[in-house]
Amino acid sequence: MKLIKGSTLRRYLEKILSLYRLLPKSQVRWNERKLLPQRLDIFLRVCEAVSYAHHKKVIHRDLKPENIMLDQSGNIYLIDFGAALFT
């Protein structure tokens with residue numbers, strides 16, 4: 001299994017939320033607009049990974065932010081296929 005140096009999507013989202021709590025509302029709205037394309041890109045890549053797994057007849061069945069890893073290069077990995085259904 002490959003060692004992934006990075007963090008989970010949960011940690012990424014918690015980091016953003018903790019930063020937002022320190023900012024005034026006007027800056028939060030500005031940052032939301034700035035970060036939205038990045039978060040949409042992450043979402044689309046997760047969808048592509050799930051689609052690939054489904055194409056290979058694998059259903060993850062435990063998809064949550066803790067099971068999505070973001071590495072330091074920005075790559076997305078689905079992890080923990082322990083509850084997966086192989087059809």
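- Residues satisfying the side-chain hydrogen bond (donor to acceptor under 3.5 Å, both in side chains) criterion with N31, sequence neighbours excluded, are absent altogether.
- Put simply, V28 and L35 are part of the same group of oily side chains (I, L, V, M, F, W, Y) that touch within less than 4.5 Å, one to the next.
- With values rounded to the nearest 0.5 angstrom, L13 atom CG is found 8.5 Å from L17 atom CG.
- By the neighbour-count criterion of 12 heavy atoms within 6.0 Å, atom CZ of R39 is densely surrounded, having more than that number from other residues, nucleotides or ligands.
- Contact annotation: the side chain of I4 approaches that of I79 to within less than 4.5 Å [non-hydrogen atoms, C-beta and beyond].
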Do F86 and I59 pass the side chain to side chain contact (heavy atoms under 4.5 Å, CB included) test, and can you show the C-alpha distance, the side-chain angles, and the key distance before you say yes or no?
-> CA-CA 6 Å; F86 298 88; I59 301 171; over 6 Å; no

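- Looking at residues two or more places apart in sequence or on another chain, you find a side-chain hydrogen bond (donor to acceptor under 3.5 Å, both in side chains) between K2 and Y77.
- Between R11 and S7, the shortest heavy-atom contact is CB-CB, 4.1 Å.
- In this structure, L44 is not a member of the same hydrophobic cluster as V50, with clusters built from ILVMFWY side-chain heavy atoms closer than 4.5 Å.
- The stretch residues 13-28 participates, sequence neighbours left out, in these side chain to side chain donor-acceptor pair (under 3.5 Å) pairs: Y20-E32.
- Counting heavy atoms from C-beta outward, I68 and L63 have side chains that approach closer than 4.5 Å.
- Sorted by first then second residue, the side chain to side chain donor-acceptor pair (under 3.5 Å) pairs that include residues 45-63, not counting sequence neighbours, are D41-R45, D62-N67.
- A distance of 10.5 Å separates CG of L9 from CE of M69, quoted to the nearest 0.5 Å.
- Residues passing the side chain to side chain contact (heavy atoms under 4.5 Å, CB included) test with A49, sequence neighbours excluded: L78.
- Applying the side-chain hydrogen bond (donor to acceptor under 3.5 Å, both in side chains) criterion to R10, with sequence neighbours excluded, gives E66.
- Partners of N75 under the side-chain hydrogen bond (donor to acceptor under 3.5 Å, both in side chains) rule, at least two apart in sequence or in another chain, are D71.
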